[in-house]
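Below, all heavy atoms of this structure are taken into account, side chains as well, without hydrogens, waters or symmetry copies.
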Amino acid sequence: MNIVKNSNLYLVSLVSVAILGGLLFGYDTAVISGAEQALQQHLGLDAFWHGVTASSALIGCVIGGAISGVCASRLGRRDSLRLAAVLFFVSALGSYYPEFLFFPKGDTSFALIMAFNLYRIIGGVGVGLASAICPMYIAEIAPSEIRGKLVSCNQFAIIFGMLVVYFVNYLIKDGMSDEELVANGWRYMFVSEAIPAALFGILLFFVPKTPRYLVMEGNDAKACQVLERINGALKARQILSEIKSVTAEKTEGLFTYGVAVIVIGILLSVFQQVIGINAVLYYAPRIFERIGGGGDGMMQTVIMGVVNIIFTLVAIFTVEKMGRKPLLIIGSLGMAVGALGTAACDEFQVGGLLPVLCIIVYAAAFMMSWGPICWVLIAEIFPNTIRGKAVAIAVAFQWIFNYLVSSTFPAMYEFSPFFAYSIYGVICLIAAVFVWKWVPETKGKTLEEMNQLWLERNRK
(Lines give C-alpha, C1' and ligand atoms only; values in the text may rest on other atoms or scores of the structure.)
Protein backbone atom coordinates (compact mmCIF):
# COMPACT_ATOMS: atom_id res chain seq x y z
CA MET A 1 0.00 0.00 0.00
CA ASN A 2 2.81 2.41 0.91
CA ILE A 3 4.57 1.60 -2.37
CA VAL A 4 1.39 2.44 -4.30
CA LYS A 5 0.97 5.69 -2.37
CA ASN A 6 4.60 6.63 -2.95
CA SER A 7 4.29 5.79 -6.66
CA ASN A 8 1.18 7.93 -6.96
CA LEU A 9 2.83 10.81 -5.11
CA TYR A 10 5.90 10.59 -7.34
CA LEU A 11 3.78 10.59 -10.50
CA VAL A 12 1.69 13.52 -9.27
CA SER A 13 4.84 15.49 -8.43
CA LEU A 14 6.28 14.95 -11.93
CA VAL A 15 3.02 15.89 -13.63
CA SER A 16 2.65 18.96 -11.37
CA VAL A 17 6.04 20.27 -12.46
CA ALA A 18 5.38 19.55 -16.15
CA ILE A 19 2.01 21.31 -16.18
CA LEU A 20 3.64 24.49 -14.90
CA GLY A 21 4.78 24.74 -18.52
CA GLY A 22 1.11 24.61 -19.51
CA LEU A 23 0.30 27.32 -16.97
CA LEU A 24 2.99 29.55 -18.48
CA PHE A 25 1.66 28.73 -21.96
CA GLY A 26 -1.75 30.07 -20.91
CA TYR A 27 -0.29 32.98 -18.95
CA ASP A 28 1.96 34.17 -21.79
CA THR A 29 -0.64 33.92 -24.53
CA ALA A 30 -3.45 35.57 -22.51
CA VAL A 31 -1.49 38.37 -20.80
CA ILE A 32 -1.91 40.43 -23.97
CA SER A 33 -5.70 40.51 -23.50
CA GLY A 34 -5.40 42.94 -20.60
CA ALA A 35 -2.46 44.90 -21.95
CA GLU A 36 -3.27 45.33 -25.64
CA GLN A 37 -5.44 48.46 -25.45
CA ALA A 38 -3.08 50.38 -23.14
CA LEU A 39 -0.10 49.18 -25.19
CA GLN A 40 -1.77 50.38 -28.38
CA GLN A 41 -2.21 53.86 -26.91
CA HIS A 42 1.29 53.97 -25.39
CA LEU A 43 3.01 53.04 -28.64
CA GLY A 44 0.55 54.91 -30.90
CA LEU A 45 -0.16 51.83 -33.01
CA ASP A 46 -2.48 51.94 -36.00
CA ALA A 47 -4.87 49.03 -36.65
CA PHE A 48 -2.31 47.05 -38.68
CA TRP A 49 0.56 47.34 -36.20
CA HIS A 50 -1.81 46.78 -33.31
CA GLY A 51 -2.82 43.43 -34.84
CA VAL A 52 0.82 42.52 -35.51
CA THR A 53 1.97 43.49 -32.01
CA ALA A 54 -0.93 41.82 -30.22
CA SER A 55 -0.21 38.55 -32.00
CA SER A 56 3.60 38.76 -32.41
CA ALA A 57 4.19 36.11 -29.74
CA LEU A 58 2.49 33.66 -32.07
CA ILE A 59 5.37 34.02 -34.55
CA GLY A 60 7.61 32.68 -31.81
CA CYS A 61 5.08 29.94 -31.09
CA VAL A 62 5.37 28.75 -34.69
CA ILE A 63 9.18 28.73 -34.38
CA GLY A 64 9.06 26.97 -31.00
CA GLY A 65 6.62 24.38 -32.28
CA ALA A 66 8.72 23.76 -35.40
CA ILE A 67 11.96 23.23 -33.46
CA SER A 68 10.34 21.25 -30.64
CA GLY A 69 11.00 17.94 -32.39
CA VAL A 70 14.71 18.67 -32.76
CA CYS A 71 14.90 19.90 -29.17
CA ALA A 72 12.95 16.90 -27.84
CA SER A 73 15.24 14.49 -29.68
CA ARG A 74 18.58 16.16 -28.97
CA LEU A 75 18.08 17.85 -25.60
CA GLY A 76 15.41 15.51 -24.34
CA ARG A 77 11.92 16.35 -23.10
CA ARG A 78 13.01 17.65 -19.68
CA ASP A 79 15.92 19.81 -20.86
CA SER A 80 13.78 21.31 -23.62
CA LEU A 81 11.36 22.45 -20.93
CA ARG A 82 14.29 24.03 -19.06
CA LEU A 83 15.06 26.02 -22.20
CA ALA A 84 11.42 27.10 -22.40
CA ALA A 85 11.55 28.32 -18.79
CA VAL A 86 14.55 30.56 -19.58
CA LEU A 87 12.75 31.99 -22.63
CA PHE A 88 9.62 32.74 -20.58
CA PHE A 89 11.70 34.57 -17.98
CA VAL A 90 13.66 36.65 -20.52
CA SER A 91 10.45 37.56 -22.35
CA ALA A 92 8.69 38.70 -19.17
CA LEU A 93 11.53 41.05 -18.24
CA GLY A 94 12.06 42.30 -21.79
CA SER A 95 8.36 42.98 -22.40
CA TYR A 96 8.25 44.89 -19.10
CA TYR A 97 11.19 47.09 -20.07
CA PRO A 98 11.80 46.90 -23.84
CA GLU A 99 13.90 50.08 -23.60
CA PHE A 100 16.65 48.09 -21.81
CA LEU A 101 20.15 49.23 -22.87
CA PHE A 102 19.22 50.78 -26.20
CA PHE A 103 16.31 53.21 -25.68
CA PRO A 104 15.26 55.91 -23.18
CA LYS A 105 12.20 54.98 -21.13
CA GLY A 106 9.01 56.07 -22.84
CA ASP A 107 10.48 55.84 -26.35
CA THR A 108 7.79 54.97 -28.89
CA SER A 109 9.93 54.77 -32.02
CA PHE A 110 9.53 52.06 -34.63
CA ALA A 111 12.77 50.47 -33.39
CA LEU A 112 11.32 50.24 -29.86
CA ILE A 113 8.16 48.62 -31.24
CA MET A 114 10.37 46.05 -32.98
CA ALA A 115 12.30 45.44 -29.74
CA PHE A 116 9.06 44.85 -27.84
CA ASN A 117 7.86 42.43 -30.49
CA LEU A 118 11.20 40.60 -30.35
CA TYR A 119 10.77 39.99 -26.61
CA ARG A 120 7.23 38.75 -27.20
CA ILE A 121 8.52 36.43 -29.94
CA ILE A 122 11.13 35.04 -27.51
CA GLY A 123 8.31 34.21 -25.08
CA GLY A 124 6.39 32.71 -27.97
CA VAL A 125 9.25 30.32 -28.72
CA GLY A 126 8.96 29.20 -25.09
CA VAL A 127 5.22 28.70 -25.53
CA GLY A 128 5.76 26.71 -28.73
CA LEU A 129 8.24 24.43 -26.99
CA ALA A 130 6.04 24.00 -23.92
CA SER A 131 2.91 23.37 -25.98
CA ALA A 132 4.53 20.40 -27.73
CA ILE A 133 6.77 19.02 -25.01
CA CYS A 134 4.69 19.33 -21.81
CA PRO A 135 2.01 16.91 -23.13
CA MET A 136 4.75 14.69 -24.57
CA TYR A 137 6.57 14.54 -21.22
CA ILE A 138 3.35 13.69 -19.35
CA ALA A 139 2.25 11.10 -21.94
CA GLU A 140 5.63 9.36 -21.76
CA ILE A 141 5.61 8.98 -17.97
CA ALA A 142 1.89 8.29 -17.43
CA PRO A 143 0.36 4.79 -17.12
CA SER A 144 -1.90 4.11 -20.13
CA GLU A 145 -5.08 3.79 -18.06
CA ILE A 146 -4.86 7.39 -16.79
CA ARG A 147 -2.79 8.99 -19.57
CA GLY A 148 -5.70 10.93 -21.05
CA LYS A 149 -6.65 12.32 -17.64
CA LEU A 150 -3.09 13.40 -16.84
CA VAL A 151 -2.42 14.97 -20.24
CA SER A 152 -5.77 16.79 -19.90
CA CYS A 153 -4.39 18.30 -16.69
CA ASN A 154 -1.99 20.22 -18.91
CA GLN A 155 -4.96 21.91 -20.57
CA PHE A 156 -6.36 22.63 -17.11
CA ALA A 157 -3.05 24.33 -16.31
CA ILE A 158 -3.22 26.33 -19.57
CA ILE A 159 -6.71 27.59 -18.74
CA PHE A 160 -5.78 28.15 -15.11
CA GLY A 161 -2.82 30.22 -16.32
CA MET A 162 -5.21 32.27 -18.43
CA LEU A 163 -7.55 32.72 -15.47
CA VAL A 164 -4.67 33.75 -13.22
CA VAL A 165 -3.46 36.38 -15.69
CA TYR A 166 -7.01 37.63 -16.32
CA PHE A 167 -7.30 38.14 -12.57
CA VAL A 168 -3.80 39.66 -12.26
CA ASN A 169 -4.57 42.04 -15.12
CA TYR A 170 -7.87 42.98 -13.45
CA LEU A 171 -6.14 43.69 -10.12
CA ILE A 172 -3.45 45.79 -11.84
CA LYS A 173 -6.06 47.77 -13.76
CA ASP A 174 -8.46 48.16 -10.84
CA GLY A 175 -8.15 51.65 -9.35
CA MET A 176 -5.42 52.68 -11.78
CA SER A 177 -5.93 55.87 -13.76
CA ASP A 178 -6.06 55.61 -17.55
CA GLU A 179 -2.86 57.66 -17.76
CA GLU A 180 -0.95 55.33 -15.42
CA LEU A 181 -2.34 52.27 -17.20
CA VAL A 182 -1.08 53.57 -20.54
CA ALA A 183 2.29 54.61 -19.07
CA ASN A 184 3.10 51.62 -16.83
CA GLY A 185 0.11 49.33 -16.18
CA TRP A 186 0.80 47.13 -19.20
CA ARG A 187 4.41 46.76 -18.02
CA TYR A 188 3.31 45.29 -14.69
CA MET A 189 1.08 42.81 -16.52
CA PHE A 190 3.97 41.44 -18.57
CA VAL A 191 6.56 41.30 -15.77
CA SER A 192 4.20 39.35 -13.49
CA GLU A 193 5.04 36.28 -15.61
CA ALA A 194 8.63 36.26 -14.36
CA ILE A 195 7.60 34.70 -11.03
CA PRO A 196 6.00 31.46 -12.35
CA ALA A 197 8.71 31.25 -15.05
CA ALA A 198 11.47 31.27 -12.43
CA LEU A 199 9.61 28.69 -10.31
CA PHE A 200 9.19 26.41 -13.35
CA GLY A 201 12.88 26.59 -14.19
CA ILE A 202 13.95 25.77 -10.64
CA LEU A 203 11.57 22.81 -10.22
CA LEU A 204 12.73 21.23 -13.49
CA PHE A 205 16.05 20.45 -11.81
CA PHE A 206 14.20 17.96 -9.60
CA VAL A 207 12.48 15.82 -12.26
CA PRO A 208 13.98 12.98 -14.39
CA LYS A 209 14.06 12.47 -18.11
CA THR A 210 11.19 10.35 -19.45
CA PRO A 211 11.69 6.55 -19.53
CA ARG A 212 11.09 6.39 -23.27
CA TYR A 213 13.73 9.04 -23.97
CA LEU A 214 16.17 7.31 -21.60
CA VAL A 215 15.71 4.05 -23.55
CA MET A 216 16.35 5.88 -26.81
CA GLU A 217 19.58 7.19 -25.20
CA GLY A 218 20.51 3.63 -24.25
CA ASN A 219 20.11 4.25 -20.52
CA ASP A 220 17.85 1.28 -19.72
CA ALA A 221 18.84 1.12 -16.04
CA LYS A 222 17.75 4.68 -15.31
CA ALA A 223 14.58 4.19 -17.36
CA CYS A 224 13.74 1.13 -15.29
CA GLN A 225 14.27 3.08 -12.06
CA VAL A 226 11.81 5.79 -13.14
CA LEU A 227 9.28 3.20 -14.33
CA GLU A 228 9.54 1.30 -11.03
CA ARG A 229 8.81 4.43 -9.03
CA ILE A 230 5.71 5.09 -11.13
CA ASN A 231 4.38 1.59 -11.87
CA GLY A 232 6.03 -0.81 -9.40
CA ALA A 233 8.80 -3.34 -10.14
CA LEU A 234 6.82 -6.07 -11.97
CA LYS A 235 4.96 -3.78 -14.32
CA ALA A 236 8.06 -1.65 -14.89
CA ARG A 237 9.95 -4.58 -16.46
CA GLN A 238 7.02 -5.35 -18.77
CA ILE A 239 6.72 -1.69 -19.86
CA LEU A 240 10.47 -1.45 -20.38
CA SER A 241 10.38 -4.52 -22.61
CA GLU A 242 7.54 -3.01 -24.69
CA ILE A 243 9.37 0.31 -25.02
CA LYS A 244 12.57 -1.40 -26.17
CA SER A 245 10.70 -3.49 -28.72
CA VAL A 246 9.40 -0.41 -30.55
CA THR A 247 12.34 1.96 -30.09
CA ALA A 248 15.05 -0.38 -31.33
CA GLU A 249 14.94 1.28 -34.75
CA LYS A 250 15.71 4.94 -34.08
CA THR A 251 15.94 5.98 -37.73
CA GLU A 252 12.39 5.26 -38.87
CA GLY A 253 11.14 7.72 -41.47
CA LEU A 254 8.29 10.12 -40.80
CA PHE A 255 5.94 8.18 -43.08
CA THR A 256 6.90 4.68 -41.91
CA TYR A 257 3.38 4.27 -40.49
CA GLY A 258 1.67 5.89 -43.45
CA VAL A 259 0.61 9.38 -44.45
CA ALA A 260 -2.74 9.20 -42.65
CA VAL A 261 -1.33 9.48 -39.10
CA ILE A 262 0.60 12.65 -40.02
CA VAL A 263 -2.34 14.22 -41.88
CA ILE A 264 -4.79 13.45 -39.07
CA GLY A 265 -2.38 14.89 -36.49
CA ILE A 266 -1.99 18.06 -38.56
CA LEU A 267 -5.74 18.42 -39.12
CA LEU A 268 -6.43 17.99 -35.40
CA SER A 269 -4.11 20.94 -34.80
CA VAL A 270 -5.58 23.01 -37.61
CA PHE A 271 -9.18 22.47 -36.52
CA GLN A 272 -8.32 23.33 -32.91
CA GLN A 273 -7.39 26.81 -34.17
CA VAL A 274 -9.72 27.54 -37.09
CA ILE A 275 -12.77 27.00 -34.89
CA GLY A 276 -11.73 30.45 -33.63
CA ILE A 277 -11.34 30.05 -29.88
CA ASN A 278 -8.13 32.03 -29.50
CA ALA A 279 -9.63 35.07 -31.19
CA VAL A 280 -12.13 35.12 -28.33
CA LEU A 281 -9.55 34.44 -25.60
CA TYR A 282 -7.05 37.06 -26.77
CA TYR A 283 -9.61 39.82 -27.32
CA ALA A 284 -12.13 38.86 -24.63
CA PRO A 285 -12.24 42.17 -22.69
CA ARG A 286 -12.76 44.19 -25.86
CA ILE A 287 -15.49 41.81 -27.11
CA PHE A 288 -17.39 41.91 -23.82
CA GLU A 289 -17.19 45.72 -23.67
CA ARG A 290 -18.68 45.93 -27.15
CA ILE A 291 -21.54 43.47 -26.69
CA GLY A 292 -22.42 44.77 -23.23
CA GLY A 293 -24.13 42.66 -20.60
CA GLY A 294 -23.33 45.03 -17.77
CA GLY A 295 -20.12 45.40 -15.81
CA ASP A 296 -16.47 45.65 -16.75
CA GLY A 297 -15.22 43.71 -19.77
CA MET A 298 -12.15 42.63 -17.80
CA MET A 299 -14.31 41.26 -14.99
CA GLN A 300 -16.54 39.37 -17.43
CA THR A 301 -13.35 37.86 -18.83
CA VAL A 302 -12.44 36.62 -15.35
CA ILE A 303 -15.92 35.04 -15.06
CA MET A 304 -15.41 33.33 -18.44
CA GLY A 305 -12.05 32.06 -17.15
CA VAL A 306 -13.78 30.44 -14.16
CA VAL A 307 -16.33 28.76 -16.46
CA ASN A 308 -13.44 27.54 -18.64
CA ILE A 309 -11.79 25.96 -15.60
CA ILE A 310 -15.01 24.14 -14.66
CA PHE A 311 -15.52 22.69 -18.13
CA THR A 312 -11.89 21.66 -18.44
CA LEU A 313 -12.47 19.62 -15.28
CA VAL A 314 -15.43 18.00 -17.05
CA ALA A 315 -13.00 16.78 -19.74
CA ILE A 316 -10.46 15.56 -17.18
CA PHE A 317 -13.04 13.43 -15.35
CA THR A 318 -14.76 12.04 -18.47
CA VAL A 319 -11.96 11.49 -21.01
CA GLU A 320 -11.15 7.97 -19.75
CA LYS A 321 -14.85 7.03 -19.51
CA MET A 322 -16.33 8.55 -22.67
CA GLY A 323 -13.21 8.45 -24.82
CA ARG A 324 -11.61 11.09 -27.00
CA LYS A 325 -13.93 11.05 -30.03
CA PRO A 326 -17.29 11.56 -28.27
CA LEU A 327 -15.96 14.54 -26.34
CA LEU A 328 -14.59 16.15 -29.51
CA ILE A 329 -17.85 15.68 -31.40
CA ILE A 330 -20.03 16.97 -28.54
CA GLY A 331 -17.72 19.93 -28.04
CA SER A 332 -17.73 20.79 -31.76
CA LEU A 333 -21.53 20.87 -31.81
CA GLY A 334 -21.66 22.94 -28.61
CA MET A 335 -19.20 25.45 -30.06
CA ALA A 336 -21.27 25.69 -33.23
CA VAL A 337 -24.34 26.56 -31.14
CA GLY A 338 -22.42 29.23 -29.23
CA ALA A 339 -20.75 30.77 -32.30
CA LEU A 340 -23.90 30.80 -34.42
CA GLY A 341 -25.87 32.14 -31.44
CA THR A 342 -23.40 35.00 -31.09
CA ALA A 343 -23.68 35.70 -34.82
CA ALA A 344 -27.49 35.75 -34.58
CA CYS A 345 -27.36 38.18 -31.64
CA ASP A 346 -25.27 40.54 -33.74
CA GLU A 347 -27.50 40.20 -36.81
CA PHE A 348 -30.67 40.96 -34.84
CA GLN A 349 -28.93 43.54 -32.60
CA VAL A 350 -29.57 41.64 -29.39
CA GLY A 351 -27.40 43.11 -26.64
CA GLY A 352 -26.96 42.48 -22.94
CA LEU A 353 -26.68 39.10 -21.30
CA LEU A 354 -27.63 36.75 -24.18
CA PRO A 355 -24.59 37.35 -26.43
CA VAL A 356 -22.33 37.14 -23.34
CA LEU A 357 -23.85 33.74 -22.54
CA CYS A 358 -23.39 32.59 -26.15
CA ILE A 359 -19.69 33.51 -26.00
CA ILE A 360 -19.34 31.64 -22.71
CA VAL A 361 -21.13 28.54 -24.14
CA TYR A 362 -18.78 28.68 -27.12
CA ALA A 363 -15.70 28.84 -24.87
CA ALA A 364 -17.01 26.24 -22.38
CA ALA A 365 -17.69 23.71 -25.17
CA PHE A 366 -14.12 24.17 -26.38
CA MET A 367 -12.71 23.65 -22.89
CA MET A 368 -14.45 20.29 -22.46
CA SER A 369 -13.34 19.06 -25.87
CA TRP A 370 -10.87 20.55 -28.33
CA GLY A 371 -8.88 22.34 -25.63
CA PRO A 372 -7.62 19.32 -23.68
CA ILE A 373 -8.48 16.42 -26.00
CA CYS A 374 -6.57 17.71 -29.01
CA TRP A 375 -3.41 17.85 -26.87
CA VAL A 376 -4.11 14.35 -25.54
CA LEU A 377 -4.39 12.96 -29.06
CA ILE A 378 -1.33 14.80 -30.37
CA ALA A 379 0.70 13.49 -27.43
CA GLU A 380 -0.39 9.87 -27.83
CA ILE A 381 -1.49 9.25 -31.42
CA PHE A 382 1.98 9.07 -32.99
CA PRO A 383 4.23 5.97 -32.72
CA ASN A 384 7.24 6.28 -30.38
CA THR A 385 9.93 6.36 -33.05
CA ILE A 386 8.43 9.30 -34.95
CA ARG A 387 6.70 11.10 -32.06
CA GLY A 388 9.19 13.94 -31.69
CA LYS A 389 9.16 14.84 -35.40
CA ALA A 390 5.43 14.30 -35.88
CA VAL A 391 4.42 16.33 -32.81
CA ALA A 392 6.68 19.17 -33.97
CA ILE A 393 4.97 19.28 -37.36
CA ALA A 394 1.48 19.14 -35.85
CA VAL A 395 2.26 21.84 -33.27
CA ALA A 396 3.90 24.10 -35.88
CA PHE A 397 0.72 23.91 -37.98
CA GLN A 398 -1.29 24.67 -34.85
CA TRP A 399 0.60 27.87 -34.17
CA ILE A 400 0.60 28.95 -37.81
CA PHE A 401 -3.18 28.77 -37.86
CA ASN A 402 -3.40 30.31 -34.39
CA TYR A 403 -1.50 33.30 -35.78
CA LEU A 404 -3.66 33.49 -38.89
CA VAL A 405 -6.89 33.38 -36.87
CA SER A 406 -5.72 35.84 -34.20
CA SER A 407 -4.21 38.37 -36.58
CA THR A 408 -7.20 38.39 -38.94
CA PHE A 409 -9.90 38.42 -36.24
CA PRO A 410 -9.78 42.20 -35.49
CA ALA A 411 -10.36 43.06 -39.15
CA MET A 412 -13.09 40.40 -39.52
CA TYR A 413 -14.75 41.55 -36.30
CA GLU A 414 -14.62 45.19 -37.36
CA PHE A 415 -16.10 44.30 -40.75
CA SER A 416 -18.90 42.18 -39.25
CA PRO A 417 -19.13 40.16 -36.02
CA PHE A 418 -21.94 38.21 -37.72
CA PHE A 419 -19.58 37.17 -40.52
CA ALA A 420 -16.74 36.25 -38.11
CA TYR A 421 -18.82 34.05 -35.81
CA SER A 422 -20.80 32.46 -38.65
CA ILE A 423 -17.54 31.33 -40.24
CA TYR A 424 -16.34 29.84 -36.95
CA GLY A 425 -19.70 28.12 -36.37
CA VAL A 426 -19.65 26.41 -39.77
CA ILE A 427 -16.05 25.26 -39.24
CA CYS A 428 -17.10 23.74 -35.89
CA LEU A 429 -19.66 21.59 -37.74
CA ILE A 430 -17.02 20.49 -40.27
CA ALA A 431 -14.71 19.61 -37.36
CA ALA A 432 -17.37 17.30 -35.89
CA VAL A 433 -17.62 15.42 -39.20
CA PHE A 434 -13.82 15.13 -39.46
CA VAL A 435 -13.55 13.57 -36.00
CA TRP A 436 -16.45 11.17 -36.63
CA LYS A 437 -15.06 9.94 -39.94
CA TRP A 438 -11.28 9.88 -39.57
CA VAL A 439 -9.93 10.17 -36.01
CA PRO A 440 -9.27 6.82 -34.26
CA GLU A 441 -10.24 6.22 -30.63
CA THR A 442 -7.10 5.82 -28.52
CA LYS A 443 -8.66 5.39 -25.07
CA GLY A 444 -6.91 2.68 -23.03
CA LYS A 445 -4.19 1.96 -25.60
CA THR A 446 -0.51 2.06 -24.61
CA LEU A 447 1.82 4.35 -26.56
CA GLU A 448 3.50 1.23 -27.91
CA GLU A 449 0.17 -0.02 -29.32
CA MET A 450 -0.01 3.05 -31.57
CA ASN A 451 2.60 1.45 -33.81
CA GLN A 452 0.35 -1.55 -34.47
CA LEU A 453 -2.79 0.59 -34.86
CA TRP A 454 -1.32 2.57 -37.75
CA LEU A 455 0.41 -0.41 -39.37
CA GLU A 456 -2.96 -2.21 -39.46
CA ARG A 457 -4.65 0.86 -40.93
CA ASN A 458 -2.01 0.94 -43.66
CA ARG A 459 -2.78 -2.63 -44.66
CA LYS A 460 -6.48 -1.93 -45.22
Exam field: side chain Asn117 to backbone Ile113, donor-acceptor pair closer than 3.5 Å: yes
Looking only at non-hydrogen atoms, find the nearest pair between Gly128 and Trp399 and report the distance. CA-NE1, 3.8 Å
Glu320 side chain to Gly148 main-chain N or O, any donor-acceptor pair under 3.5 Å? yes
Is the backbone of Pro372 close enough, under 3.5 Å, to the side chain of Ser152 for a donor and an acceptor to pair up by distance? no
Greater than 12 external heavy atoms within 6.0 Å of Phe116's CZ: yes
The reported gap from CG in Asn154 to CE in Met136 (rounded to nearest 0.5 angstrom) is 12.0 Å
Using the ring of each side chain (for Trp, its six-membered ring), is Tyr362 parallel, tilted or perpendicular to Tyr421, with breaks at 30° and 60°? perpendicular
Working to the nearest 0.5 angstrom, can you tell me the gap between Thr312 OG1 and Met367 CE? 6.0 Å
Using side chain to side chain contact (heavy atoms under 4.5 Å, CB included) as the criterion, point out the one residue from Leu327, Val151, Ile138 that pairs with Val376. Val151
Is there a side chain to side chain contact (heavy atoms under 4.5 Å, CB included) between Thr442 and Lys325? Walk through the geometry before answering. CA-CA 9 Å; Thr442 57; Lys325 288 185 68 168; over 6 Å; no
Test your reading of the model: is there a side-chain donor-acceptor pair from Ser13 to the backbone of Tyr10, 3.5 Å cut-off? yes
To the nearest 0.5 Å, tell me how far Ile141 CD1 sits from Leu150 CG. 7.5 Å
Side-chain contact test, heavy atoms from C-beta onward, threshold under 4.5 Å: evaluate it for Phe434 versus Leu268 and give yes or no. yes
With under 30° as parallel and over 60° as perpendicular, where do the rings of Trp370 and Phe271 fit, or are they tilted in between? tilted
Evaluate the side chain to side chain contact (heavy atoms under 4.5 Å, CB included) criterion for residues Thr29 and Asn402: first the C-alpha distance (whole Å), next the side-chain angles of each, then the deciding distance (0.1 Å), finally the verdict. CA-CA 11 Å; Thr29 53; Asn402 186 320; over 6 Å; no
Return the minimal non-hydrogen interatomic distance between Ile316 and Cys153, and the atom names on each side. CD1-CA, 4.0 Å
How many angstroms lie between CE in Met368 and OG1 in Thr318, if you round to the nearest 0.5 Å? 6.0 Å
Are the side chain of Arg82 and the backbone N or O of Leu204 linked by a donor-acceptor pair below 3.5 Å? yes
To the nearest 0.5 Å, what is the distance between CZ on Arg120 and CD1 on Ile122? 11.0 Å
Rounded to the nearest 0.5 Å, the CG atom of Leu24 sits from the CD1 atom of Ile19 at a distance of 11.5 Å
Can you give me every donor-acceptor pair (side chain of residues 57-74, partner residue at least two apart or in another chain, under 3.5 Å) with its distance?
| residue | atom | partner | partner atom | Å |
| --- | --- | --- | --- | --- |
| Ser68 | OG | Gly65 | O | 2.7 |
| Ser73 | OG | Gly69 | O | 3.0 |

Counting only heavy atoms not in Ile195, do more than 12 sit closer than 6.0 Å to its CD1 atom? no
Is a donor on one side and an acceptor on the other found under 3.5 Å between the side chain of Lys443 and the backbone of Lys321? yes
Measure from the side-chain N and O atoms of Ser422 to the backbone N and O of Phe419, and report whether any donor-acceptor pair falls under 3.5 Å. no
Give a yes or no answer on whether the side chain of Arg78 reaches the backbone of Val207 with a donor-acceptor pair at less than 3.5 Å. yes
Testing the basics here: between Ala336 and Leu429, what is the closest heavy-atom pair and its distance to 0.1 Å? CB-CD2, 3.7 Å
Looking only at non-hydrogen atoms, find the nearest pair between Phe88 and Gly123 and report the distance. CE2-O, 3.9 Å
Glu140 and its salt bridge (charged side-chain N to carboxylate O under 4.0 Å, His left out) partner, picked from Arg77, Arg212, Arg147: Arg77
Does the plane of the ring in Phe401 sit parallel, tilted or perpendicular to the ring in Phe397? Use 30° and 60° as the thresholds. parallel
With a 4.5 Å cut-off on side-chain heavy atoms, are Phe25 and Cys134 touching? no
Using a 6.0 Å cut-off, check whether atom OH of Tyr119 has over 12 heavy atoms from anything other than its own residue. yes
Flag side-chain contact, heavy atom, 4.5 Å: Val433 against Lys437: yes
Is the backbone of Ala92 close enough, under 3.5 Å, to the side chain of Ser95 for a donor and an acceptor to pair up by distance? no
Give the ring-plane orientation class for Phe190 versus Trp186, where under 30° counts as parallel, over 60° as perpendicular and anything between as tilted. perpendicular
Given side chain to side chain contact (heavy atoms under 4.5 Å, CB included), test Leu75 with Tyr213 step by step and report yes or no. CA-CA 10 Å; Leu75 299 178; Tyr213 184 74; over 6 Å; no
Any Ile262 side-chain heavy atom under 4.5 Å of Ile386 side chain: yes
Taking C-beta and beyond as the side chain, do Val168 and Tyr27 meet within less than 4.5 Å on heavy atoms? yes
State, with a plain yes or no, whether a side-chain heavy atom of Val391 is found less than 4.5 Å away from one of Phe382. yes
Donor-acceptor side-chain pairing of Ser80 and Tyr137 below 3.5 angstrom: no
For residues Val395 and Trp375, determine if any side-chain heavy atom of one lies less than 4.5 Å from a side-chain heavy atom of the other. yes
Would the distance check show the side chain of Asn231 and the main-chain N or O of Leu227 forming a donor-acceptor pair, the cut-off being under 3.5 Å? yes
Show the nearest heavy-atom pair for residues Ser369 and Gly331, with the distance to one decimal. OG-CA, 3.2 Å
Please assess Ser269 against Ile378 for the test side chain to side chain contact (heavy atoms under 4.5 Å, CB included), listing each intermediate value before the final yes or no. CA-CA 8 Å; Ser269 290; Ile378 288 173; 3.1 Å; yes
Can you name the nearest heavy-atom pair linking Lys235 to Glu145, along with the distance? NZ-OE2, 3.5 Å
Find out whether Phe311 and Ile159 are in side-chain contact, i.e. whether some heavy atom of one side chain is under 4.5 Å from a heavy atom of the other. no
